[in-house]
Amino acid sequence: MDLSGLKMQDDQFRTFLKIHDRIESGKMPPPGQERPAKAELQNVLTELDAFLIRAEQLQYPDEARTPTRRLTRVEYENTVRDLFEMPGLQLRDRLPADNSVNGYDKNSDALSISHVNLARYLEAADLALDYAIATQPEAPTFQQHKVSLASQYYVRLLIQSNGGAVFLKDKKPDPDFIPVDGRQHIDQGLHERFGMFETESAVGVFRHEDESFLPWTQGFAAIYPGRYRIKTSLWSYTWDKGEVKPSRGVEAMRLSVKQLQGHGLGQDHPSYVIGYYDAPSIESQEHEFVHWLNPGESIGFNVASLAPVHIYHQYKRNLYSFTGPGIACDWFKIEGPIFEEWPPHAHRILFADLPLKPFDPKAKELSYPRRTIHKQVMSGAKNHSDPFPGYWTVQTDQPLEDARRLLSQFLPIAFRRPVSEEMLDSYAAQVQNRLAAGDCFELAMRWVYRAALCSPDFLYHVEPDGKLDDHALACRLSYFLWNSMPDQELMQLAAERKLSNPDVLPQQIERLLQDPHSNRFVKDFCGQWLKLREIAATDPDKKLYPEFSTYLQDSMVLETEAYFRELIEQNLDASYLVKSDFAMLNEKLAVHYGIEGVSGPQIRRVALPPDHPRGPFLTQAAILKITANGTTTSPVPRGAFVLDRLLGQPADPPPPDVPAVEPDVRGATTIREQLALHRDHVACAACHAKLDPPGFALESFDVIGGQRARYRSIGEGDSAERGSIDPFIHISFKLGPQVDPAGTLPDGQQFQDICEFQQLAAADSHLLLTNMARQFAVYSTGREIRYRDRAAVREIVARVESQGGGLRTLIHELVQSELFQTR
Amino acid sequence: MIHWWRILFCGITFTALMLPAVVRAEEQSSTFQLYGISHPEREADLKQILQMIPAISDYQLNQSGDHITLTYEPLELFAPQEQEQLQKNLPIPAEKTEQKLKELISQSSRNTFELLPAAEFSEEQFTRIEIPINPLDCKACRFAVYSYIAKVPGVVRAKISTEPSLLTAWIDGSQTSHEALLKILTDKNVPLPEDESAAAP
Amino acid sequence: SSARGAEESQSSPRRMVAIETNQGIIPQFFFPETAGTDYEQTPYLQRLARHRKQMTVFSGVSLPGVDGAHAAEKCFLTGTPHPARGGFKNGISLDQYAAERLGDQTRFSSLTLCNTSGNATLSFTSNGAPIPSESRPSQLFQKLFVQGNPAETEASVEALKQGRSLLDFVGDQSRRLNRTLPKSDQQRVDQYFTAVRDLEQRLASAEQWQYRPKPEVDVPPPQDITDSRQFVAQTKLMFDLIKLALETDSTRFISFFIDTTVIHQITHHGHRPEVIDELRGHEERQFDALNDFLTDLSESAEGAGSLLDQTQVLYGTCMGSANSHTNKNLPVLLAGGGFRHGQHLKFDNENNYPLSNLYVSMLQGLGIETDTFSTGRSTITGLEMS
């Protein structure tokens, strides 16, 4: 066979690759056919191998494995946040969405750029600089405010008229503002004027957030961007027809950040979730954290763990006939903005310690910056802006010298590598131009900083050819494990050329993994590898899945991320992708999974009995939801997901013009019956033999990841039992046909249910580890793993296996490999 | 049209001799009709409001709670910069101090108390009507019912009692009627016992 | 109504409005059986009966290779195959293709609109970057019709000038960077350079327009509707602005993404009759809104005819049946734009005809000389200019 010199199209290459892989795995020639001698097969393989490598070299003559690529919008946001130490700056949504290749936006082929991106970079740079540059000599006044949930008009309405909330004093109904009793309190405006809502009493809330009730603390909205300390005191109770009794356990209050729009009312809610907080029975628990808020941001809340109960419908606004759970908030305390130094770091990185001096905005001889007047946008907020501090700006007597000094400090940090004199000159020359054009020093510097933030040196990962130097290594490492720019320590080590030192690198890997910034890696990687970013793409059918809630959905994501983190922290092996002896759960998930003894919203490690299907990614609700459409499940997309993301054996795309399956939830047929027709098609059978089995095993789980023995149906079927579904939720579905989770793998091995499938899948831990190695490699190097990289991956995997196969070991071995350290 | 009231007090009387407490030389007192005491509990609110106004040193409420006599230091009612101006032209005209008192009381109580020209009347001149209402456990709700009625033309006095739960009003029959008041209450969704609401026109 | 573009060419300009509703249209209520001019009325087309002579209904069409259920929504105007596959990279959208060639006559070369949020868009640049859309009518109105005071105008001109000089500078930086990179990487950074040049041109054009007054319209600024459940009301609001934008010749190319994801759940109706009824109610109201829009355009006089005669209005969806999420047999219609309408162009339901050929016809209808667009290789059979 002489194949040299043959230049192939993509699909031809894939065909030869497939032949190679089938011979290698013993699937070709097919069982029952005459087999050539082993040595002969080996010869064919060797030749094919050389051929494939040559063909790839012809196809991609470029030696660099990773072509130059720009930052993703998430990398961009994190980088600007870290550069200026403004951790809550919202930039990613201002940029156009990135494409992705094979699920990863970090892939250099996905990262194109156009005038649209560039226009947005200009705007984003302006926003960052607006926030970064100090415009007053003293920090904004540190303010402390105590805010009640009843600061919000809608909450007052619940208290006053519809029974969705009550005032509680000393853990009892507040005698001064008695709960509604079948009528509303007369005249809310008058109660306002009476000061009835300005009480120290706690507010107990029964009503879950819904389309017409979007609660947030109207008593506070940030005016100055900065860090704020937020404290709150929470507890829960059972309301029993007018009496406050101990609650059923630890309830969950969701806190979120809400960006107010325009006239001070919000748009979508929440802007983003901060977290879920314990509200234990009767005893108040205080929570405290520091969080960055942008101007116009307020704190939203939601009684997350309660079922959506509309008191005003079901109980005719009579709290004396209602018994059910409630969550109480004694108060919110919001303090800030907190500045440890003034001017803050963001300003200092731009202007170091140059003094701020007053200027005359009407001056004719120089252009001065415009100053925005900070204003409170929300009516009813207790915090107010400081009096206008006057016009201040950095000034210097030696602008050119200072400009050069400041640029030589800023540019290497922003560009993540040393900058040449030539580059420094070109920037400094622009400052000179701007000063000559009449700009004041701040404006002239702002011009170059804006340019720097839009320049290719900032926007692109610039790496040398061949082996990475220490700076490029620092970047690759930090964009891998922090999804952002390297910090000072990494830059220092790079400058000293110590980072690649085999004693230093492992320590740095550990340091990065242990730092909280590594959560960005967990989130970004799981968001793409396991498609968690798509968790909200479908809304489960409300009649089929009435128990679904956003709390459950958020918990699903937290589970998957926490599980991933646990695998890394505990250095567990890759069989844990599909099989586990523990799960990462909170009460919401535990109830959903039928596991007892877990209380409250915090995710923790829960040991599982042997042969329990839960725990691993394979059976996590997030994955099961992402692979369903909200109404029905199909073994095909689920099988495809398992093959591609967990086993690393992606199936070929479906042939064109295959008729789609028409789902029917009236209860007559199962998807499996419909698929059987499909599998009889000769063109489909081969692929479906691979695709369907994992999907069949997962038929034991519904579209929200609940375990099922029978399909839910609307229409035909038997009435369903409540099970663990909250008593306030109406059971609106029936039980249809039995689920059949059995199947046969392409190699003939059979399984009866999900647990047996997990046994089989976990057995091939080499396959699973190889997949993880590839996924990490693609994510961290920003390109596909090609045929010629297979040897490198094999070597990494072998080294990891010799050390016990742990996933943290894998990260170490990958980072220390040539694959990672070569562009 | 006949004015039904007769003015008892008008303008300002020096009351230093009337009050046993320590009285500062410049103190004056004035009497007003008071809007806002819907039921006895409200007197505590009144006290709180008056405490927020340092210029007022004492007050006296009449028996029915619809008139108040305030003792105060006129100059101190005003902001410091205003005081400077006023001091040049003492005494301050009565209309000016009264106006200021009204403003202060309205503002500090968010209009849940208001001062009106004094106008005491003798009860026998008017018709007393009683309208039973469903028990109201909330003082703001009780005040709400009062507020709907107390300022209706022809109503000279109104009060809410809890046991029995009742609105009592003294009315000038030529200007309003039992039915008219009942209609106002039903329109405002005030919960009335069933036979009462049925009686509403 | 009022001020048209100052330097209008002799013949009336040709325009395009391309609209996609993203959660499908129930096929059985849309498609007629009979081909040709005598096609029977269907529940949805009934609602557009007034415009029967001004539009063509298509059946048996789809975009070749465009699959992946919801993923197809971003390919409705690009026709780029296989959006759900690993290495997918989108191509230029129909509106942008036209705008790149003819968009320099107006203040805005094109408008990219959506009813929900800026991330949903139909428009893509030639290298497949999504163009974020305008979703707030109040802001769009501001952009189109509200004239800044002289100081603001001066400030915008200065900002645009500075933007251009900044782009000049970063363009130079990219050339400097390029010198240090291997050849294949130079292409990547060249892409950056092209982006810089494109944006510079746009800023230069925007600067020119700063000196010319915006058209005046005698309608009050719209109030935004933020509740996505009210997508029909949102759509109407946008339609009103689109009509104003066209009348004032502020732009000639508009894409409008009607995002109805809020009803996604009921599109998986699973043949439950009550759910189909609910979905049908929504879709009927959508067609009523479209009918009002077409009526408005046809009642707005332009040249010898109406605005509708000069404006191609493409309306369709990316899924032939939302229940099965198939991307075949797309419900699509084209109104206005000077075509010989009034017919049902029926193609093969089993072996679909490329919808991208219609896009070639539309481009030619605008006066662009091309025989191909995306997967389109010729004009569509059976649709002629009148």
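Every heavy atom of this structure was used, including side-chain atoms; hydrogens, water molecules and symmetry mates were not. By convention in this document, chain letters (A, B, ...) are assigned in the order of the sequence lines, proteins followed by strands, and residues within each chain are numbered from 1.
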query: Less than 6.0 Å separating the ring centroids of A:Phe332 and A:Phe220?
result: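 No, they do not, as the ring centres are separated by 6.0 Å or more.
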
task: Identify the two heavy atoms, one from B:Tyr72 and one from B:Ile56, that lie closest to each other, and give their separation to 0.1 Å.
output: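 Residues B:Tyr72 and B:Ile56, closest heavy atoms: CB-CA, 3.9 Å.
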
Contact summary for A:Ala165 and A:Leu319, nearest pair of heavy atoms: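 Reported closest heavy-atom pair: O-CD1, 4.4 Å.
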
query: Under the side-chain hydrogen bond (donor to acceptor under 3.5 Å, both in side chains) criterion, do B:Ser29 and B:Thr71 qualify, and how do the steps go?
result: CA-CA 4 Å; B:Ser29 71; B:Thr71 307; 4.9 Å; no

query: Excluding sequence neighbours, so at least two apart, what forms ring-ring contact (aromatic ring centres under 6.0 Å, His included) with A:Phe728?
result: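 For A:Phe728 the ring-ring contact (aromatic ring centres under 6.0 Å, His included) partners, ignoring immediate neighbours, are A:Phe322.
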
message: Nearest 0.5 angstrom please: B:Leu167 CG to B:Ile133 CD1, how far?
response: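 If I round to the nearest 0.5 Å, the distance is 6.0 Å.
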
Put together the list of donor-acceptor pairs under 3.5 Å connecting chain B with chain A, please.
residue	atom	partner	partner atom	Å
B:Arg110	O	A:Arg193	NH1	3.4
B:Arg110	NH1	A:Glu198	OE2	3.2
B:Arg110	NH2	A:Glu198	OE1	2.9
B:Arg110	NH2	A:Glu198	OE2	2.6
B:Asn111	O	A:Arg193	NH1	3.2
B:Pro135	O	A:Arg183	NH1	3.2
B:Tyr148	OH	A:Asp187	OD2	2.8

